[in-house]
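This structure is in structure tokens; I'll ask about it shortly.
For ligands, and for the atoms within them, numbers begin at 1 and follow the listed sequence.
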Amino acid sequence: MAPIRIAVTGAAGRMGRALLTAIHETDGCTIAGALERDGHGDIGADAGTLAGIGEMGVPVTSDALEVFAAVDAVLDFTAPDATVEFADLAAQARIVHVIGTTGFAPEHETRLEAASRHATLVRAGNMSLGVNLLTALTKRVAQALDTDWDIEIVEMHHRHKVDAPSGTALMLGEAAAAGRGVTLDDVSDRGRDGQTGARKTGDIGFAALRGGSVVGEHSAIFAAEKERIVLTHIAEDRSIFARGAVKAALWGQGKGPGNFDMLDVLGLSDF
Ligand SMILES: NC(=O)C1=CN([C@@H]2O[C@H](COP(=O)(O)OP(=O)(O)OC[C@H]3O[C@@H](n4cnc5c(N)ncnc54)[C@H](O)[C@@H]3O)[C@@H](O)[C@H]2O)C=CC1
Ligand SMILES: O=C(O)C1=N[C@H](C(=O)O)C[C@H](O)C1
């Protein structure tokens, strides 16, 4: 069988390089395109050389139209404005668009929803097996406990991260809210500062720490009188996200259009 042809957007980024490496290390797929933004210093460089896996004969380009027309799947960990443009291209090309980008605003969500009528979108704020399992566990624990248990989501990331709370923190918050049978937007408490007043019963709080080179750490904390449950995931290397993204690209082949997530890919939807 011919290998699945996969392209990477944001190829020179932290995740872009990890994604190129993961495709290279996975049987049944091949690096078939590498995109960077117009004017980026690595345009024209060999994608394999960029990722440190040896020359692949795939130059980094900014011609997204050409790349999307020539591949079966695109792995996209870039920025919200770029990702919605890529989703439109994936819809035109009827291919699998694996979206790891975080920090979307409601207007981006609307564009992605529209694109999913023609493209196979697989989206998750975190593509690692561990975090998706943690998400399922968080929902179950929230289901089992009442509002005597305060829920707080705490995350820490490297100093370069531009969005907060992280996509993963929002996934965990959504899962906790779903477990409680409420909508996250109605109970979310972000960015406490100054005279905040006492904590409101039933709120789900978020705290974001930034510093150094931390790949990603997340905890869902359930705090009651005299006891606490802390569910934590620590990412030690970006390869865990990249391997999940490649798995999603392979899983999406032949699935048809729609909006999927990593729980679908990992078979954890009913966990
Ligand atoms: N879902 C998941 O498992 C994970 C998600 N992320 C998310 O992925 C995104 C990227 O993270 P990093 O790699 O750390 O950032 P980064 O800043 O290192 O890389 C982003 C790359 O995208 C490129 N880019 C921006 N606009 C572009 C465009 N229009 N066309 C082509 N390339 C474009 C940039 O030039 C840059 O090289 C963030 O939103 C982050 O939160 C990161 C890790 C895991
Ligand atoms: O920006 C990052 O680095 C990460 N982003 C994702 C997020 O927003 O949760 C996933 C991971 O934690 C790393």
(message) Looking at Thr135, is its backbone amide N or carbonyl O close enough to the side chain of Lys139 to form a donor-acceptor pair, meaning the two atoms are under 3.5 Å apart?
(response)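 No: the side chain of Lys139 does not pair with the backbone of Thr135.
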(message) In this structure, does ligand 1 have an atom that sits under 4.0 Å from one of the heavy atoms of Thr9?
(response) no
(message) Arg37 versus ligand 1: do any nitrogen or oxygen atoms come within less than 3.5 Å of each other?
(response) yes
(request) Please write down residue, atom name and distance for the protein heavy atom closest to atom 9 (O) of ligand 2. (result) Thr168 OG1, 2.5 Å
(request) Considering only non-hydrogen protein atoms, determine which one is nearest to atom 43 (C) of ligand 1 and report residue, atom name and distance to 0.1 Å. (result) Met15 CG, 3.4 Å
(request) Give a yes or no on whether the backbone of Arg5 and the side-chain of Asp72 come within a donor-acceptor separation of less than 3.5 Å. (result)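 Yes.
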(request) Take every heavy atom of Gly167, measure it against each atom of ligand 1, and state whether any distance is under 4.0 Å. (result)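 So Gly167 does not count as touching ligand 1.
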(message) I'd like to know if the side chain of Asp76 reaches the main chain of Val98, judged simply by a donor and an acceptor atom lying under 3.5 Å from each other, with no hydrogens or angles considered.
(response) no
(message) Is it the case that the side chain of Glu36 and the backbone of Ala12 share a donor-acceptor pair, with hydrogens and angles ignored and the cut-off at 3.5 Å?
(response) yes
(request) Assess the side chains of Asp63 and Thr61: does a donor N or O sit below 3.5 Å from an acceptor N or O? (result)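 Result is no, nothing qualifies.
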(message) What verdict does the side-chain hydrogen bond (donor to acceptor under 3.5 Å, both in side chains) test give for Ser239 and Asp237, after you've listed the backbone C-alpha separation in whole Å, the side-chain angles of each residue and the deciding distance to 0.1 Å?
(response) CA-CA 5 Å; Ser239 59; Asp237 192 275; 2.8 Å; yes
(message) Heavy-atom contact check, 4.0 Å cutoff: does Gly125 meet ligand 1?
(response) yes
(request) Specify the protein heavy atom at minimum distance from atom 30 (N) of ligand 1: its residue, its atom name, and the distance to 0.1 Å. (result)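 Going atom by atom, the protein heavy atom closest to atom 30 (N) of ligand 1 ends up being Phe86 CZ, 3.3 Å.
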(request) Compute the shortest N/O to N/O distance between Phe77 and ligand 1 and return yes if it is under 3.5 Å, no if not. (result) no
(request) Indicate, as side chain, backbone, both or neither, the part of Val131 found under 4.0 angstrom from ligand 2 when only non-hydrogen atoms are considered. (result) neither
(message) With no hydrogens and no angle check, just 3.5 Å: does a side-chain donor-acceptor pair link His233 and Asn126?
(response)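 The criterion, which ignores hydrogens and geometry beyond distance, is not satisfied for Asn126 and His233.
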(request) Just need the protein heavy atom nearest to atom 17 (O) of ligand 1, so name the residue and atom and give the distance. (result) Arg14 NH2, 3.6 Å
(message) Give me the nearest non-hydrogen protein atom to atom 12 (O) of ligand 2 as residue plus atom name, then the distance to 0.1 Å.
(response)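 Answer, as residue, atom name and distance: His157 NE2, 2.6 Å.
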(request) Would you please name every residue forming a salt bridge (charged side-chain N to carboxylate O under 4.0 Å, His left out) with Glu113, sequence neighbours left out? (result)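 Glu113: no salt bridge (charged side-chain N to carboxylate O under 4.0 Å, His left out) contacts found.
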(request) Output, in order, the C-alpha distance, side-chain angles, deciding distance and verdict of side-chain hydrogen bond (donor to acceptor under 3.5 Å, both in side chains) for Ser166 and His157. (result) CA-CA 8 Å; Ser166 69; His157 283 87; 4.5 Å; no
(request) Kindly state each residue pair satisfying ring pair (Phe, Tyr, Trp, His ring centres under 6.0 Å) with at least one member in residues 22-74, sequence neighbours excluded. (result)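 Passing the test, one end in residues 22-74: Phe68-Phe86.
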(request) Among all protein heavy atoms, pick out the one at the shortest distance from atom 21 (C) of ligand 1; state its residue, atom name and that distance to 0.1 Å. (result)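 The closest one turns out to be Gly10 CA, 3.8 Å.
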(message) Just to confirm my output: which protein heavy-atom neighbour is closest to atom 7 (C) of ligand 2, and how far is it?
(response)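 Protein heavy atom with the smallest distance to atom 7 (C) of ligand 2: Gly167 N, 3.4 Å.
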(message) Among all protein heavy atoms in this structure, tell me which lies nearest to atom 39 (O) of ligand 1, with the distance rounded to 0.1 Å.
(response) Thr102 N, 3.0 Å
(message) Set out, in order, the CA-CA distance, both residues' side-chain angles and the distance that settles salt bridge (charged side-chain N to carboxylate O under 4.0 Å, His left out) for Glu155 and Lys161, then state yes or no.
(response) CA-CA 12 Å; Glu155 51 113 335; Lys161 185 159 179 63; over 6 Å; no
(request) Please write down residue, atom name and distance for the protein heavy atom closest to atom 36 (C) of ligand 1. (result) Glu36 OE2, 3.6 Å
(request) Could you tell me the residue and atom name of the protein heavy atom closest to atom 6 (C) of ligand 2, and the distance to it rounded to 0.1 Å? (result)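 It is Gly125 O, 3.4 Å.
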(message) With no hydrogens and no angle check, just 3.5 Å: does a side-chain donor-acceptor pair link Thr78 and Thr83?
(response) yes
(request) Heavy-atom contacts with Thr102 under 4.0 Å: which atoms of ligand 2 show up? List them by number with element. (result) 7 (C), 8 (O)
(request) Output yes when the distance from some N or O of ligand 1 to some N or O of Gly100 is under 3.5 Å, and no in every other case. (result)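 Yes - when backbone and side-chain N and O of Gly100 are compared with those of ligand 1, one distance drops under 3.5 Å.
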(request) Give the residue, atom name and distance (to 0.1 Å) of the protein heavy atom nearest atom 3 (O) of ligand 1. (result)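 In this structure, atom 3 (O) of ligand 1 has Met127 N, 2.8 Å as its nearest protein heavy atom.
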(request) Report yes or no: does Arg192 contribute a side-chain atom to a donor-acceptor pair with the main-chain N or O of Asp189 at less than 3.5 Å? (result)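 Not at all, since once roles are kept as given, no pair shorter than 3.5 Å links the two residues.
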(request) With heavy atoms only and a cut-off of under 4.0 Å, state how His40 meets ligand 1: side chain, backbone, both or neither. (result) side chain
(request) Could you check which of Ala12, Ala82, Gly41 puts a non-hydrogen atom nearest to atom 29 (N) of ligand 1? (result)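 Shortest heavy-atom distance from atom 29 (N) of ligand 1: Ala82.
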(request) Would you tell me which option among His160, His158, Arg14 has the nearest heavy-atom contact to atom 3 (O) of ligand 2? (result)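 Going through His160, His158, Arg14 one by one, His158 has the nearest heavy atom to atom 3 (O) of ligand 2.
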(request) Using the salt bridge (charged side-chain N to carboxylate O under 4.0 Å, His left out) rule, take Arg111 and Glu85 through it: C-alpha gap first, then chi angles, then the decisive distance, then the call. (result) CA-CA 9 Å; Arg111 291 265 305 266; Glu85 297 292 330; 3.4 Å; yes
(request) Would you mind reporting whether Ile229 and Trp149 have side-chain heavy atoms less than 4.5 Å apart? (result)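 They are in side-chain contact.
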(request) Look at atom 1 (O) of ligand 2 and say which protein heavy atom is nearest, naming residue and atom and giving the distance to 0.1 Å. (result) Lys161 NZ, 2.9 Å
(request) Measure from atom 38 (C) of ligand 1 to every heavy atom in Thr78, Ile240, Val67 and give the option owning the shortest one. (result)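 Closest candidate by heavy-atom distance is Thr78.
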(message) If you define the side chain from C-beta out and look only at heavy atoms, does anything of Phe206 sit under 4.5 Å from Leu184?
(response) yes
(request) Apply side chain to side chain contact (heavy atoms under 4.5 Å, CB included) to Leu65 and Gln92, showing your working. (result) CA-CA 10 Å; Leu65 201 58; Gln92 282 168 36; 4.2 Å; yes
(message) Taking 4.0 Å as the limit for heavy-atom contacts, which would you say applies to Lys161 with ligand 1: side chain only, backbone only, both, or neither?
(response) side chain
(message) Below 4.0 Å, non-hydrogen atoms only: which portion of Ala124 touches ligand 1? Side chain, backbone, both or neither.
(response)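 Backbone only.
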(request) Just need the protein heavy atom nearest to atom 19 (O) of ligand 1, so name the residue and atom and give the distance. (result) Gly13 CA, 3.4 Å
(request) State whether the shortest distance between N or O atoms of Gly216 and N or O atoms of ligand 2 falls below 3.5 angstrom. (result)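 Between Gly216 and ligand 2 (N or O atoms, distance only) the closest approach is not under 3.5 Å.
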(message) Against ligand 2, does Val162 come closer than 4.0 Å with any heavy atom?
(response)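 In this structure, Val162 fails to qualify as a contact of ligand 2 - no heavy atom is under 4.0 Å.
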